[in-house]
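Numbering starts at 1 and runs along the sequence shown. For ligands, and for the atoms within them, numbers begin at 1 and follow the listed sequence. Fair warning: this is a prediction, and the values are worked out from it, not measured in the lab. The basis for the numbers below is simple: all heavy atoms, side chains too, and nothing from hydrogens, waters or symmetry mates.
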Amino acid sequence: MFRYSTIKDYHNALQNGQTTCVEAVLFFIDAIRKHERLNAFLEVYETEALDRAAALDKERASGKPMGKLHGVVTGLKDVLSHKDHKLSASSRILDGFTAIYNATAVERLLQEEAIVIGRQNCDEFAMGSSNENSAFGPVKNALDETRVPGGSSGGSAVSIQAGLCMISLGSDTGGSVRQPADFCGVLGLKPSYGRVSRYGLIAYASSFDQVGIFGRSVDDLALVLEVIAGADEFDSTVSQQPVPKYSQQLSDDQKTYRIAYFSEALENPGLDPQIKAQTEAFIKRLTALGYTVEAVDFQLLDYIIPTYYILTTAEASSNLSRFDGVKFGFRAAEKNADLTELYKATRSQGFGKEVQRRILLGTFVLSAGYFDAYFTKAQQVRRLLMDKANELFGKYDFIISPTVPATAFSLGEKTNDPVEMFLADIYTVFANLVGIPGISLPIFRHPNGLPFGLQVMSSQYNELSLLRLSKKFMLIAN
Ligand code: GLN
């Protein structure tokens with residue numbers, strides 16, 4: 001019987017002839033079928049995945065060396081272009097649209113011989129924290145189907161949680177990889193802004209968006225990051241910095257790491273007391289193990305959610321203007337409509353409620369009379385946050401915090417209160433505002449039975465240290 005633990009073990013099993021890529025794909029297709037109720041996948045590429053698996057098995061048998069991700073069964077959030085496959089951002093507005101090229105991250109996975117098993121459900125245009133904003137229905141948390149998986153990359157997180165694929169790629173603009181990873185008890189990594197190309201990633205807020213990775217182990221995340229990261233002639237925002245071989249450098253003997261945590265984050269009245277207590281207990285354990293862990297002030301905590309939602313909605317209102325019924329996908333069936341009427345009808349029918357709310361909000365904060373009061377102010381706060389991050393990383397190597405202030409909430413619980421929903425992002429948006437990497441590590445369990453994570457952040461492009469420390473933390477926690 002096929003069992004999956006890590007890519008490394010899987011590759012060993014392939015080489016020893018204990019399993020095949022076809023067997024792996026069949027195993028996951030069966031698991032996806034059994035978990036259809038979770039609504040994690042919008043589409044499963046059964047035949048294509050099996051054909052590719054068979055071809056890989058044949059190549060391996062003929063002695064061809066394996067690619068780094070040989071036969072790795074991968075899910076893609078429905079915001080990443082995968083040539084000749086449907087792409088919808090879980091929105092009706094992209095009805096019938098087929099990707100005409102591969103996103104760079106996807107291209108690199110395929111070059112290293114990954115197998116894409118399917119397209120994963122998410123919040124429409126990656127806007128949301130519960131996966132309830134999908135035009136194709138919510139995704140359900142596999143541990144408790146009355147609860148949300150988190151969002152926006154809910155389908156990608158649940159796919160790892162329920163064992164429906166080996167790794168998933170998602171996107172993280174304000175927490176969309178780390179927050180669902182927290183709710184589902186899996187690992188979720190958001191690399192630095194500029195570490196992974198966004199070419200072929202449907203844009204939500206371009207100065208925040210980053211491709212992220214879900215998996216079951218630090219080793220898997222490290223290997224996938226190593227494959228997808230690095231300079232790309234199709235995305236000028238990607239750093240030219242060389243990409244370390246993360247997967248081969250995960251152990252180090254450094255014990256002197258200095259770690260900070262924000263006192264305001266742990267004193268936040270919205271923080272679940274159990275999450276607070278277990279996070280504090282973990283900090284005590286780290287101190288006992290010889291780590292320096294210190295509380296630092298972060299008076300801007302209350303400003304980060306408003307800042308994030310002003311800037312991201314502003315950018316979204318611009319990015320989403322291209323979906324007008326003329327260029328892509330869906331067009332409203334308005335008879336005799338002039339162009340403006342066609343735009344209006346298409347956008348009103350094609351976009352869901354939350355996306356419309358954000359386009360309106362973004363248009364408002366950019367409008368002449370309010371630009372300085374909102375957009376400019378938010379940019380100024382972003383600068384203060386950057387200064388704060390630079391100051392902190394002068395003194396510390398890492399910042400830790402809970403990933404989310406509460407465990408997975410019930411479906412429908414927050415759908416009528418967008419501000420409540422926004423508050424689920426309070427600890428994750430900082431990393432996106434300042435461009436640093438962050439990871440959610442599934443090391444805690446709440447007395448209510450649900451998992452929750454510890455978030456670790458490092459300075460920009462310091463993923464190697466982040467992954468190394470994560471590996472240690474996973475060992476300490478187990
Ligand atoms: N929940 C946040 C939002 O709705 C984060 C989304 C994301 O990271 N894509 O904007």
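- Checking side-chain atoms of Thr428 against main-chain N and O of Gly174 turns up a donor-acceptor pair under 3.5 Å.
- Within 4.0 Å of ligand 1, contacts by protein heavy atoms are made from Ala126, Met127, Gly128, Ser129, Ser152, Asp172, Thr173, Gly174, Gly175, Ser176, Tyr204, Tyr308, Tyr309, Arg358, Asp425.
- More than 12 heavy-atom neighbours from other residues, nucleotides or ligands sit within 6.0 angstrom of NZ on Lys388.
- Under the salt bridge (Lys or Arg N to Asp or Glu O under 4.0 Å) criterion, Arg357 pairs with Glu354, sequence neighbours left out.
- Judged purely by distance below 3.5 Å, without hydrogens or angles, the side chains of Glu463 and Ser458 never pair a donor atom with an acceptor atom.
- Judged as a side chain to side chain donor-acceptor pair (under 3.5 Å), and not counting sequence neighbours, Gln299 has no contacts.
- For Asp302, the salt bridge (Lys or Arg N to Asp or Glu O under 4.0 Å) criterion is met by no residue, not counting sequence neighbours.
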